[in-house]
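When a residue number appears, it is its place in the shown sequence, counting from 1.
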Amino acid sequence: MSGNQNQPSILWLRNDLRLADNPALTAAASEGRPLVVVYIHDETSDGIRPLGAASKWWLHHSLTALDAALQNLGGQLTLRHGPAARTLPALVDELDAASVHWNRRYTAARDIDAGLKSSLREQGLTVESHQGNLLNEPWHIRNGQGEPYKVFTPYWRAAQDRPVREALPAPTAAELSWPADSPASDDLANWNLLPTRPDWAEGLRETWTPGEDGAHDRLESFVAERLADYHRRDEPAVDATSGLSPHLRFGEISPTQIWNRLRGNGSGAGNDSDSGNGSADVPTAARKNVAKFLSEIGWREFSTALLFDNPRLATDSYRAAYNAFPWGYTVDQIGDVTEPAGISEVEAWRRGRTGIPLVDAGMRELWHTGTMHNRVRMVVASFLIKNLLIDWRAGEQWFWDTLVDADDASNPANWQWVAGSGADAAPYFRVFNPVLQQKKFDPTGEYVSRWIPELGTAAYPEPIVDLAETRREALEAYNAVKAAAATE
Ligand code: FAD
């Protein structure tokens, strides 16, 4: 350990806004130095994708919750803004810090972290990065040739062969010490993360409780109330999934905590006694629910590994042949999501006015709550790409702006999956038929009528496209790139 013990240790938080199971926090606290916990709002550095509006709303509340939790332990959260490559070293100098800890990130912004690690180490600081946001580091799950997996199933099989560590407890007040003088902090209100005119966040406030406590409440209510219905996860009217995605996105809960909570929980309802209820099927069904749920956490890991190996996942087709796809409208023609698209089909899609009920219900759910059911995400994405022939990047950007769980890896990876251009993607000829999807997954129409009160009245628009005709056109367009894709 270098320097005198009064020199602080800096914990630099990014996508890990929690106190429990935070390896960087545990490591920083173990040094016994005064602890400075900093969040740097960086919107301009290379490799950073500026947050969308819904994510900003979440971040504001998550930082507020984190500051309150730190104050309970006698500390505080220090807020700074600016390019991290300048802001962090400036804080180090200001505080005469002896060490810096962070949990790794996997976007192109990791180049910033690598640069900081070497320059601060050269100055004599202890600088350590930790694994806090994934079960497995991307570079630990490689195929026999040492290359990244391109297909999920073998990836997940290999991942599950590796042990998952126990989750770390949050430090107690007695385990932490704080600087005598708190460092200056930005006023969060000045970051303008919340919408004002208009305040469109009412539905988000009704739906979500950002922060570590909210995340654990979600996990516990999922285990107690929804996990047993997880086999119905494809039905949008049924509340059968965890709702943990934004909490995972901001690192308010870790996949390690979720894994440890569910591993061995074959009861499906968090109640280890129900294997004795006389039905031999129950434990099997429950085990299947848990395994399926954990495999979805696996998709998050797989998506992150794809991004790690393909930092331009949000802009470049993973399968290069698809970069030549003859879109009816390109992303450049559509422009910035903060402006009206100027293209009526895009506008109708964004606003949930396409005249296709399942698509419109999903897009309205998204606008109102900041989330959308997974099955419906696939349907609205397929509709945009394959019925409207609009570049998947335009849809990805809209989701980026409006989803509270908008994720650097999962969003583009899933959009590319639907487009057919991604790893382990849906085959290009798979065009979801939104009418049949509704019949199958929302047979009573409960979900669509929840979001479209005017359904069945003259106020609801006629379909803006003919599904069969546009499907044919899409397949022709896909044929144009199919041959090239096959030779890749
Ligand atoms: P659960 O079913 O409870 O799943 C548990 C967790 O597993 C989720 O919280 C999430 O972290 C992860 N997960 C589940 N499905 C996927 C998946 N297909 N890919 C990656 N991780 C998954 N998910 C995001 O977290 N951020 C995004 O930006 C995002 N964009 C998407 C865009 C499209 C076009 C599609 C089709 C899917 C997208 N998803 C995204 C995946 C998925 O829809 C959400 O993770 C899921 O709906 C969140 O609900 P839940 O937490 O109740 O999921």
Cation-pi check, Arg49 onto Trp400 ring (under 6.0 Å, within 45° of axis): yes
Indicate every side-chain donor-acceptor pair of residues 37-45 with a distance under 3.5 Å to a residue at least two apart or in another chain.
residue	atom	partner	partner atom	Å
Asp42	OD1	Thr44	N	3.1
Asp42	OD1	Ser45	N	3.1
Asp42	OD1	Ser45	OG	3.1
Asp42	OD2	Ser45	OG	2.6
Asp42	OD2	Ala84	N	3.0

Applying salt bridge (charged side-chain N to carboxylate O under 4.0 Å, His left out) to Arg472 and not counting sequence neighbours gives none
Taking 4.0 angstrom as the limit, do Glu137 and Arg142 come out as a salt bridge? no
Kindly write out the residues that satisfy side-chain hydrogen bond (donor to acceptor under 3.5 Å, both in side chains) with Ser421, not counting sequence neighbours, or none if the list is empty. Gln416
Pair Arg300 + Glu296, salt bridge at N-O below 4.0 Å: no
Summary of side chain to side chain donor-acceptor pair (under 3.5 Å) pairs that have at least one residue in residues 232-248, sequence neighbours excluded: Arg232-Glu235, Asp234-Arg375, Ser245-Asp405, His247-Glu252
Any Lys/Arg nitrogen of Asp309 or Lys150 sitting under 4.0 Å from an Asp/Glu carboxylate oxygen of the other? no
Contacts of Arg157 that satisfy salt bridge (charged side-chain N to carboxylate O under 4.0 Å, His left out) - sequence neighbours left out: none
Under 30°, 30 to 60°, or over 60°: which ring-plane class applies to Phe302 and Tyr155, parallel, tilted or perpendicular? tilted
I'd like to know if Arg162 pairs up with Glu301 as an ion pair, taking the criterion as any Lys NZ or Arg NE/NH1/NH2 lying under 4.0 Å from an Asp or Glu carboxylate oxygen. no
With Arg105 via side-chain hydrogen bond (donor to acceptor under 3.5 Å, both in side chains) - residues at least two apart: Asp113
